[in-house]
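One structure below.
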There are 2 protein chains.
Amino acid sequence: MFSKSCEYGLRAVIFIAQQSIEKNKVNISTISEEINSPQAFTAKILQQLTRNNIVKSVKGPHGGFTVEEHKMDIRLSEVVSVLDGDSIYKGCGLGLKQCDANSPCPLHYKFIEIRDNLKNMLENTSLKSVINDMYLEEIILKR
Amino acid sequence: MFSKSCEYGLRAVIFIAQQSIEKNKVNISTISEEINSPQAFTAKILQQLTRNNIVKSVKGPHGGFTVEEHKMDIRLSEVVSVLDGDSIYKGCGLGLKQCDANSPCPLHYKFIEIRDNLKNMLENTSLKSVINDMYLEEIILKR
DNA sequence: CATAAAAAGGATAATAAGGTCTTTTAATCT
DNA sequence: AGATTAAAAGACCTTATTATCCTTTTTATG
Ligand code: FES
Ligand code: FES
């Protein structure tokens, strides 16, 4: 469904956001431990997220990553489109160059329903709401 | 969503099935032209589908591929699991090694809903029904 | 100001996915 | 039987993704 980058990226952002709420900055080695991801690769992904203003990074001693208060409202869809582009929202399920209701592929109508559900789910899910849900039940970011 | 193999494979099977209903065998070069896919690669994919008894192949002059009458009832889910395995039906959206409601990831409940929709769609869609739908409207397999 | 901590950036390596080519096997038709 | 046609099989190549390593830059603090 998502690329590895995107999977790690989502887990990382969620972890950082959660820690930011508790006023903690977290560094890459902590992040990759807590979400069980390859450290250097995760650093690369976080660079992208930083450049796209999804997370904030601070260099130097006591530096690390945070999600700023006003960024808690961003939707998971934004994280996904930074890391995986938007082909998942727009592409044809059978790989045709363009998905278009005017000349649909055999799966078009059935597929766009699922694709749109995914899109809506990601667009309606804010980082904040994910974090809130995590306090209601034992939720994990690594296994 | 699906791998390239799976996209080409689904398109190929649908094309072959459609031709089989019209009593035509089709060879690889026709298939790859009609679904706009790389020929040699498509041949590889069809080998897999043949080994898994989804399509039937006949060598030699007037050979080619067909979908036999009694195979018209197979579900798209079978084609997908032959080509892409079943991680798409079972895997965690955030890439955890196992998806498990007992220790869910932050997206678990929202994600399994979409994943199950996809699964059901594929399990409820037979090859025959896809072909039938194609006679009702202008549907395309290449672009 | 030196030092240490941390992210950023560049280069490279490993693996997987996507794709091609050549040889072998089998069927059909003179 | 021999020529021809077509798929099967396997070796090989290419590209993209995933992952690591190492150097540079930034910055807080003693
Ligand atoms: S054309 Fe294939 S999903 Fe729309
Ligand atoms: S644990 Fe992640 S989707 Fe179920």
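Note that these values count all heavy atoms, side chains included, but never hydrogens, waters or copies made by symmetry. Proteins get letters first, then strands, A, B, ... in listed order; numbering begins at 1 in each.
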Nearest whole angstrom, please: distance from the P of C/dG18 to the CD1 of B/I45.
9 Å

B/R51 CZ to C/dT25 C1', straight-line distance once rounded to whole Å
15 Å

Which nucleotide, C/dT28, C/dT20, D/dA28, lies nearest any side-chain atom of B/A40?
C/dT20

Can you see if the side chain of A/Y8 gets near the phosphate of D/dT18 - specifically, an N or O under 4.0 Å from OP1 or OP2?
no

Judged by each residue's nearest nucleotide on DNA chain D, which is more toward the 5′ side, B/S57 or A/F2?
B/S57

Whole-Å distance separating the CG atom of A/D84 from the C1' atom of D/dT18:
13 Å

When rounded to whole Å, the CD to C1' distance for the pair A/Q39 and C/dA8 reads 14 Å

Any side-chain heavy-atom pair of B/L76 and B/L10 under 4.5 Å
yes

May I ask you to check whether over 12 heavy atoms, not counting those of B/K142, lie within 6.0 Å of atom NZ?
yes

Does A/E113 CD have over 12 foreign heavy atoms under 6.0 Å away?
no

At 4.0 Å (heavy atoms only), tell me whether A/G63 reaches a base, stays on the sugar-phosphate, or touches nothing.
sugar-phosphate

Test item: side-chain donor near acceptor, B/N27 and B/T30, under 3.5 Å
yes

Can a donor-acceptor pair be found, under 3.5 Å and without considering hydrogens, that links the side chain of B/R75 to the backbone of B/L127?
no

With a 4.5 Å limit on heavy-atom distance, are the side chains of B/R115 and B/K119 in contact?
no

Short side-chain N/O contact from A/S5 to OP1 or OP2 of D/dT17, under 4.0 Å
no

N/O (side chain, B/T50) to phosphate O (OP1/OP2, D/dA8) under 4.0 Å
yes

Atom-to-atom span, NE2 of A/H62 to P of C/dA4 - whole angstrom:
14 Å

On DNA chain D, check which nucleotide each of B/G64 and A/P61 is closest to and give me the residue with the more 5' one.
B/G64

Could one point to a donor on the side chain of A/K44 or the base of D/dT17 with an acceptor on the other under 3.5 Å away?
no

Quick one: A/K4 NZ to C/dA17 P, roughly how many Å, whole number?
11 Å

Can you tell me the distance, in whole Å, between the NZ atom of A/K59 and the C1' atom of D/dT29?
18 Å

Winner on side-chain proximity to A/S3, out of D/dT18, C/dA5, C/dA8, is D/dT18

Integer-rounded Å distance: D/dA7 C1' and B/I54 CD1:
18 Å

Contacts to DNA chain D from residues 23-32 of chain B, heavy-atom cutoff under 4.0 Å, which residues?
B/N27, B/I28

Tell me whether A/K4 is salt-bridged to A/E7, with the criterion being a basic N under 4.0 Å from an acidic carboxylate O.
yes

